Visitor: 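My structure is below; once you've seen it, I'll send some questions.
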Amino acid sequence: MEKYVVIGNPIRHSLSPAMQNRIFQELGMNAEYNSVLIEEDTFETEIKKLMDSGVRGFNITTPFKERILPFLDELEDLAAASGAVNTVLKKENKWYGFNTDGKGYLEGLEEIRSITKEDSILITGAGGASKAIYLALTTHTDAKITVANRTAEKAIEMTKDNNHQALTLEEAEKQLADFTIIIQTTSIGLEASKNKSPISLANVKRGTICSDIIYNPAETAFLKEAKKNGAITQNGLPMFVNQGALAFEIWTGIKPERSLMKEAVLEQLGGN
Ligand code: ATR
């Protein structure tokens with residue numbers, strides 16, 4: 001039996017096992033995917049134990065995407081550039097690190113339409129998820145990219161090596177009508193009690209694509225306001241499914257059926 005896991009903390013609510021096991025079952029593969037809680041204090045010992053346990057590959061989620069790096073032999077380009085790994089494969093006794101978050105996001109976005117050099121994209125947030133998406137967009141598209149963040153220095157740091165632009169959230173809010181795509185990556189929408197968007201969408205143009213990487217809740221305050229103003233909206237479910245599908249392909253060489261993976265996730269979420 002081939003063993004795969006996802007590690008993180010917290011990990012109990014991860015939807016990856018349901019999503020990956022659906023595909024293993026569908027393909028009749030003798031493989032199993034489980035979640036493993038790792039404590040931050042004992043990460044080094046626990047990760048070594050896991051890597052010696054016969055596991056063939058694993059996913060890594062918060063807060064260990066950077067801490068895994070010293071345990072790997074080689075990094076794929078996007079993982080090296082972002083300094084963060086979400087997928088690991090063992091091959092001929094070597095450990096390879098990948099980052100499928102950014103590419104997964106881009107595949108989801110391109111389910112709406114392809115991205116061209118006419119696009120001007122705003123990313124709100126400058127944390128790990130933002131960086132992965134920024135790298136995928138700068139690597140795979142010709143769009144003009146602007147990063148806006150509460151802590152403006154982080155946005156400046158992220159964009160300084162190329163021709164892209166950094167703004168404060170307030171500046172971005174005023175210039176909102178200039179963007180054809182707005183990507184929300186901050187964690188603010190996760191807190192249902194706050195029910196807030198990092199920027200007001202009052203100036204968004206009708207038909208702008210507004211995309212949030214959060215999928216639970218299915219519709220954040222950002223997406224609600226975007227929809228009200230006539231934007232085309234997308235939540236984080238396509239990104240989640242596609243990052244998982246790309247990981248599956250890295251492990252098995254098989255392109256999995258994304259609609260089945262999505263179905264498995266929606267079942268876990270209660271069909272919303
Ligand atoms: P992730 O890995 O999910 O990207 P992260 O690296 O902790 O998480 O980044 C969180 C992002 O959400 C950051 O851009 C953070 O802004 P700061 O860099 O200023 O901290 C942003 N964020 C979190 N809470 C926010 C809030 N209440 N308003 C605006 N931005 C917020």
Side-chain angles (χ1 to χ4, degrees), residues 1-8 11 14-36 38 47-48 50-62 64-111 128-129 131-140 213 215 236-265:
M1 157 103 59
E2 279 185 7
K3 284 196 295 178
Y4 299 89
V5 299
V6 55
I7 62 162
I11 201 66
S14 172
L15 300 174
S16 292
M19 179 168 77
Q20 301 289 359
N21 284 325
R22 175 67 60 91
I23 294 297
F24 285 136
Q25 278 156 20
E26 177 68 20
L27 296 173
M29 292 174 68
N30 187 22
E32 190 181 72
Y33 185 109
N34 290 299
S35 63
V36 173
I38 290 197
I47 196 73
K48 274 192 207 132
L50 174 78
M51 290 168 92
D52 285 340
S53 71
V55 71
R56 203 171 127 39
F58 55 98
N59 283 133
I60 301 136
T61 187
T62 318
F64 301 125
K65 288 183 184 182
E66 286 101 17
R67 281 180 77 178
I68 190 68
L69 295 184
F71 297 88
L72 304 175
D73 298 301
E74 276 182 43
L75 295 180
E76 152 261 13
D77 289 354
L78 283 175
S82 65
V85 163
N86 81 329
T87 302
V88 169
L89 166 72
K90 186 180 188 185
K91 208 167 110 186
E92 288 152 12
N93 266 332
K94 270 191 162 183
W95 293 96
Y96 296 85
F98 302 81
N99 194 318
T100 68
D101 287 332
K103 191 86 192 305
Y105 176 79
L106 184 56
E107 282 190 6
L109 187 61
E110 294 199 317
E111 286 171 19
K131 199 168 181 189
I133 291 170
Y134 176 79
L135 284 169
L137 288 172
T138 51
T139 310
H140 297 291
I213 64 163
Y215 57 89
L237 188 57
M239 175 185 185
F240 180 66
V241 170
N242 287 319
Q243 63 77 32
L246 291 167
F248 189 94
E249 194 174 343
I250 286 167
W251 295 324
T252 63
I254 299 167
K255 236 186 168 72
E257 185 56 66
R258 278 145 168 91
S259 61
L260 285 178
M261 298 173 80
K262 188 172 174 184
E263 203 176 275
V265 175

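In this chain, residues are counted from 1 in sequence order. Heavy atoms only: backbone and side chains are in, while hydrogens, waters and symmetry mates are out. Everything numeric here is computed off the predicted structure, so don't read it as measured data.
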Visitor: From W95 CH2 over to L89 CG, what is the distance, rounded to the nearest 0.5 angstrom?
Guide: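 So the gap between those two atoms works out to 8.5 Å.
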
Visitor: Taking all non-hydrogen atoms of both residues, which atom of A18 and which atom of A264 are closest, and how far apart?
Guide: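 Minimum heavy-atom separation between A18 and A264: O-CB, 3.7 Å.
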
Visitor: Just one of R258, K103, E110 clears the side chain to side chain donor-acceptor pair (under 3.5 Å) bar with N242, so which one?
Guide: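 Of the listed residues R258, K103, E110, the side chain to side chain donor-acceptor pair (under 3.5 Å) partner of N242 is R258.
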
Visitor: Do the non-hydrogen side-chain atoms of F24 and E32 ever get within less than 4.5 Å of each other?
Guide: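 Not touching, per the 4.5 Å side-chain cut-off.
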
Visitor: Using every non-hydrogen atom in the two residues, find where L78 and A136 come nearest and quote the distance to one decimal.
Guide: CD2-N, 4.4 Å

Visitor: Let me confirm one number: the OG-CG distance from S16 to N21, rounded to the nearest 0.5 Å.
Guide: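 Reported to 0.5 Å precision, the distance equals 10.0 Å.
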
Visitor: For K90 and V55: C-alpha separation, side-chain torsions, deciding distance, then whether side-chain contact (heavy atoms from CB on, under 4.5 Å) applies.
Guide: CA-CA 8 Å; K90 186 180 188 185; V55 71; over 6 Å; no

Visitor: To the closest 0.5 Å, what do you measure between CG (L137) and CG (L106)?
Guide: 5.5 Å

Visitor: Would you compute the distance between atom CG of L50 and atom CD1 of I38 and round it to the nearest 0.5 angstrom?
Guide: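 So the CG of L50 and the CD1 of I38 are separated by 5.5 Å.
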
Visitor: Enter the distance from K91:NZ to N93:CG here, rounded to the nearest 0.5 Å.
Guide: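 Reported to 0.5 Å precision, the distance equals 13.0 Å.
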
Visitor: Identify the two heavy atoms, one from I11 and one from I7, that lie closest to each other, and give their separation to 0.1 Å.
Guide: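 Smallest interatomic distance, heavy atoms only, reads CD1-C, 3.9 Å.
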
Visitor: With a 3.5 Å distance limit and no angle check, can you tell me whether N59 reaches the backbone of N86 through a side-chain donor-acceptor pair?
Guide: yes

Visitor: Between I133 and I213, is any pair of side-chain heavy atoms under 4.5 Å apart?
Guide: yes

Visitor: Report the residue from F58, F248, W251, Y33 that forms a ring pair (Phe, Tyr, Trp, His ring centres under 6.0 Å) with Y4.
Guide: W251

Visitor: Within the 4.5 Å heavy-atom criterion, are V6 and Q20 side-chain neighbours or not?
Guide: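 Not in contact.
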
Visitor: I'd like to know whether CG of D77 has more than 12 heavy-atom contacts from other residues, nucleotides or ligands below 6.0 angstrom.
Guide: no

Visitor: Would a 4.5 Å heavy-atom cut-off, applied to side chains only, mark L15 and Y215 as touching?
Guide: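 Yes, close enough: below the 4.5 Å cut-off.
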
Visitor: Rounded to the nearest 0.5 Å, how far apart are CG of L69 and CG of L75?
Guide: 6.0 Å

Visitor: Any non-hydrogen side-chain atom of D101 less than 4.5 Å from a side-chain atom of M239?
Guide: yes

Visitor: If you look at every heavy atom in A84 and E66, which pair is closest and at what distance?
Guide: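 For A84 and E66, the tightest heavy-atom pair comes out as CB-OE2, 4.2 Å.
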
Visitor: Identify the two heavy atoms, one from T100 and one from Q243, that lie closest to each other, and give their separation to 0.1 Å.
Guide: OG1-O, 2.9 Å

Visitor: Are any of the side-chain heavy atoms of T87 and L246 separated by less than 4.5 Å?
Guide: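 No - every pair of side-chain heavy atoms lies 4.5 Å or more apart.
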
Visitor: State, yes or no, whether a side-chain contact exists between E257 and E26 at a heavy-atom distance under 4.5 Å.
Guide: no

Visitor: Which atom names give the shortest non-hydrogen contact between A79 and V85, and what distance separates them?
Guide: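 Smallest heavy-atom distance, with atoms named: CB-CG2, 3.9 Å.
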
Visitor: So with a 6.0 Å cut-off around NZ of K65, is the heavy-atom count from everything else above 12?
Guide: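 Result for NZ/K65: enclosed.
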
Visitor: Does any part of the side chain of E249, heavy atoms only, come nearer than 4.5 Å to the side chain of I254, both counted from C-beta?
Guide: no

